[in-house]
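Heads up, the thing below is written out as structure tokens.
Only a predicted model underlies this, so the values are computations on that prediction, with no experimental measurement involved. If you read the sequence from its start, that first residue is 1, and numbering goes on from there. Atoms within a ligand are numbered from 1 in the order they appear, just like the ligands themselves.
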Amino acid sequence: MRRSAIFFGLALLSWGRALAGGIGLAEVARRCGGSLSYGQEGRVGTVQAENCCLTFRHNSACHRLNGVSVYGQHPTRGDPGALVLDSADWNRVLAPLLTPAGAWPLGRVCIDAGHGGRDSGTVQGTLQEKNLTLDIALRLQRLLEEKHIATVLTRGGDTFVPLERRPEIAGGCDLLVSIHCNAAETASAEGIETYVLPAAGTSPTARLDRPGAQDQRTFPNNRCDEQNLWLGYCLQRQLVAIGGTRDRGVRRGRFLVLRACHCPAALVECGFLTHGEEGRRLGTEEHREAIARAICRGICHYGGRR
Ligand SMILES: [Zn+2]
């Protein structure tokens, strides 16, 4: 009796550890009602189900859901051919995206055109980031209002608005989208990325491999963790669907404009001004209109609107 009780206790303990530690991809496939296959010598695992496709890479936190890259909070573990997903990545990242809670309110949307006035943002040749973000913001405002969605702009002209003022302007709004263009020292960097605040107790994407004590901080916007991720995913999915560029994923960063927001918020980096072809495209009205339309579709999808 005692021996069996001890055995039962040990079994419970190891089962608990397995739950806390990770979930094998076979179990992920079972939960999705799909099948698991491995490629690239076991380094890439794909779960294919009726309504979703998930791809995981060995020792990588960049997972793919239905063709969109979404950074989890931990790299996969395990040997090639036997990858293990961190439980938190399933419970707090992928499962909520697979079964979103439903339509979130879209009464009023705050559109934040990055930079402005004396803050030009990235300057590349004749292109200034502050002018491009304002142009996309004004196009987005027109598109949302055509759908009878009210909007608030953090700036409607070439004015300087302090970063800490922007979340205040979003007060009373149902979400904020901050619009930026990217820059890198290497001219080859290209693609689209969308940022949301790291979930409470987790690291920014850039520091996933070396978490620090400051990652334990929480901010007002952390009460929107679930909506933030869904919003970021909806925006990134529509932006990469424009095509012709790289999907750099839904990432996490503690940008001031995000962390002080009391409503769900995401920051989109619409492409690299420092990349020759992408910079040229961002300079065209057609491309900026396509970006505004993609953001509008992403917002509507987030809110369960057509
Ligand atoms: Zn910027």
Side-chain angles (χ1 to χ4, degrees), residues 71 109-141 152-170 175-198 204-207 219 221 228 231-232 235-236 238-240 242 245-261 265-285 287-292 294-295 298-299:
Y71 276 82
V109 169
C110 182
I111 306 171
D112 176 43
H115 311 279
R118 66 175 187 260
D119 172 14
S120 303
T122 299
V123 178
Q124 188 75 14
T126 57
L127 296 178
Q128 297 188 61
E129 184 184 354
K130 66 173 183 177
N131 296 334
L132 303 178
T133 59
L134 179 62
D135 181 77
I136 295 168
L138 294 173
R139 290 170 189 274
L140 176 60
Q141 179 183 41
V152 172
L153 295 168
T154 55
R155 65 180 180 100
D158 185 17
T159 50
F160 177 79
V161 181
L163 278 180
E164 56 275 16
R165 174 80 187 112
R166 297 175 187 235
E168 291 172 10
I169 297 171
L175 67 89
L176 172 140
V177 177
S178 186
I179 301 168
H180 286 257
C181 301
N182 227 330
E185 286 181 10
T186 46
S188 59
E190 62 172 322
I192 287 171
E193 51 196 27
T194 299
Y195 282 87
V196 297
L197 194 69
T205 307
R207 275 215 313 270
F219 297 95
N221 186 246
N228 291 339
L231 175 62
L235 291 170
Q236 181 73 6
Q238 295 298 331
L239 282 165
V240 298
I242 296 172
T245 189
R246 265 191 67 201
D247 168 18
R248 297 173 62 94
V250 178
R251 297 169 177 237
R252 292 183 180 74
R254 291 204 173 90
F255 296 105
L256 181 56
V257 68
L258 298 180
R259 67 193 194 207
C261 261
L267 183 150
V268 292
E269 294 278 8
C270 303
F272 281 77
L273 277 177
T274 45
H275 183 272
E277 172 58 17
E278 205 154 78
R280 189 197 61 74
R281 286 216 302 169
L282 283 163
T284 67
E285 284 194 22
H287 190 57
R288 295 197 299 274
E289 178 71 12
I291 289 170
I295 297 172
I299 290 171

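A salt bridge between E277 and R280 is present, with a side-chain N of the basic residue lying under 4.0 Å from a carboxylate O of the acidic one. A salt bridge links E289 with R139; the closest basic N to acidic carboxylate O contact falls under 4.0 Å.
Using a distance-only test at 3.5 Å, with no hydrogens or angles considered, a donor-acceptor pair links the side chain of E129 to the main chain of T122. With hydrogens and angles disregarded, a donor-acceptor distance shorter than 3.5 Å links the side chain of R155 to the backbone of G114. E269 places a side-chain N or O within 3.5 Å of a backbone atom of N182 that can act as its donor or acceptor partner.
Considering only residues two or more places apart in sequence or on other chains, Y195 meets the ring-ring contact (aromatic ring centres under 6.0 Å, His included) condition with F255.
Of all protein N, O or S atoms, those under 2.8 Å from the Zn ion (ligand 1) number 3.
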